[in-house]
Amino acid sequence: MRFHTRKWVKPEDLNPNSTLFGGRLLAWIDEELALYSIIQLQNPKIVTKHMSEINFRSSAKQGDIVEIGIDVVKFGNSSIVLSCQVRNMMTREIIITIDTITMVSLGEDGKPMAHGKTTIEYIQDRLDN
């Protein structure tokens with residue numbers, strides 16, 4: 001799992017139980033997945049098509065730092081399938097796991113568009129070309 005982003009849990013991120021609101025965490029995850037997909041597929045028009053079962057395993061409280069990790073499961077014709085894990089950097093516990101998330105590349109017409117990618121590209125690879 002490659003961890004890309006850290007978030008600091010602030011008062012506005014809490015639910016009535018004074019723990020991290022699940023909806024806020026899912027919004028952070030969705031944004032990170034979109035950014036990752038945009039970079040990998042080199043297309044700013046990306047949408048979330050599907051998320052498999054979301055497994056909340058622990059939580060976080062105000063002041064905790066959470067880290068969002070992403071791995072590529074596979075490349076489709078117009079999609080990229082990712083997995084995600086979020087961990088609490090303070091407690092070292094896994095907060096959430098999502099086995100598969102399908103992100104789809106769209107054309108100007110808003111319909112799925114083939115992206116031609118088959119492997120993960122790293123920034124260094126692009127700079128060397």
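Remember, predicted model here, so these are calculated numbers, not experimental data.
Of the possible polar contacts, none joining the Asn17 side chain to the Thr19 backbone as a donor-acceptor pair under 3.5 Å is found. At least one donor-acceptor pair under 3.5 Å links the side chain of Ser58 to the backbone N or O of Ile94. Side-chain atoms of His115 come within 3.5 Å of backbone atoms of Gly76 as a donor-acceptor pair (strictly under, hydrogens ignored). A donor-acceptor contact shorter than 3.5 Å is absent between the side chain of Asn77 and the backbone of Ala114.
Rounded to the nearest 0.5 angstrom, Lys7 NZ and Ile29 CD1 are separated by 11.0 Å. For the atom pair CG of Leu106 and NZ of Lys111, the computed distance is 11.0 Å after rounding to the nearest 0.5 Å. For the atom pair Thr102 OG1 and Leu33 CG, the distance stands at 10.5 Å (nearest 0.5 Å). Note that CZ of Arg24 is 11.0 Å distant from CG of Asn15, once rounded to the nearest 0.5 Å. Here the straight-line distance linking atom CD1 of Ile70 with atom CZ of Arg2 works out to 11.5 Å at 0.5 Å rounding. Here the CD-OG1 distance, from Glu53 to Thr100, works out to 10.0 Å after rounding to the nearest 0.5 Å.
Hydrophobic clustering of Ile, Leu, Val, Met, Phe, Trp and Tyr side chains at less than 4.5 Å, counting indirect connections, unites Ile95 with Leu26. In this structure, Met103 is not a member of the same hydrophobic cluster as Leu35, with clusters built from ILVMFWY side-chain heavy atoms closer than 4.5 Å. Phe56 and Met51 fall within a single hydrophobic cluster, where Ile, Leu, Val, Met, Phe, Trp and Tyr side chains are chained together by heavy-atom contacts under 4.5 Å. By the rule that hydrophobic residues join a cluster once side-chain heavy atoms approach within less than 4.5 Å of another member, Trp28 and Val86 end up as members of one cluster. In terms of hydrophobic clustering, with Ile, Leu, Val, Met, Phe, Trp and Tyr side chains grouped at heavy-atom distances under 4.5 Å, Ile96 and Leu14 are assigned to a common cluster.
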Please test Lys10 against Asp13 for salt bridge (charged side-chain N to carboxylate O under 4.0 Å, His left out), starting from the C-alpha separation and ending with a verdict.
CA-CA 5 Å; Lys10 298 179 276 194; Asp13 304 321; 5.3 Å; no
Before you tell me yes or no, could you show the steps for Glu121 and Gln42 under side chain to side chain contact (heavy atoms under 4.5 Å, CB included), namely the whole-Å CA-CA distance, both residues' side-chain angles and the distance that decides it to 0.1 Å?
CA-CA 10 Å; Glu121 291 181 358; Gln42 295 180 297; 4.1 Å; yes
Checking Lys61 against Met90 for the side chain to side chain contact (heavy atoms under 4.5 Å, CB included) test, could you report, in this order, the C-alpha distance in whole Å, the side-chain angles of both residues, the deciding distance, and whether it holds?
CA-CA 10 Å; Lys61 60 185 185 344; Met90 311 310 268; 5.9 Å; no
With side chain to side chain contact (heavy atoms under 4.5 Å, CB included) as the criterion, how do Ile120 and Gln40 come out once you've worked through the C-alpha distance, each side chain's angles and the decisive distance to 0.1 Å?
CA-CA 7 Å; Ile120 298 171; Gln40 282 301 311; 3.7 Å; yes
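Every side chain to side chain donor-acceptor pair (under 3.5 Å) that Ser105 has, sequence neighbours left out, goes to Asn43. Take Arg92 and apply the side chain to side chain donor-acceptor pair (under 3.5 Å) test, not counting sequence neighbours, and it matches no residue.
Within 6.0 Å of the CZ atom in Phe21, the count of heavy atoms belonging to other residues, nucleotides or ligands does not exceed 12. A 6.0 Å sphere centred on CD of Glu12 holds more than 12 heavy atoms belonging to other residues, nucleotides or ligands.
A side-chain donor-acceptor contact under 3.5 Å links Asp30 and Thr48.
Taking every heavy atom of both residues into account, Asn88 and Ser59 meet most closely at ND2-O, 3.5 Å. Across all non-hydrogen atoms, the minimal contact from Ser37 to Leu82 is OG-CD1, 3.6 Å. Closest of all the heavy-atom pairs between Met113 and Ser78 is O-CB, 3.2 Å. Residues Met1 and Ser83 come closest through the heavy atom pair CE-OG, 3.9 Å. Here the shortest heavy-atom pairing between Phe75 and Ile80 reads CE2-CD1, 3.6 Å.
If you run side-chain contact (heavy atoms from CB on, under 4.5 Å) between Val9 and each of Ile65, Val66, Leu25, only Val66 comes through.
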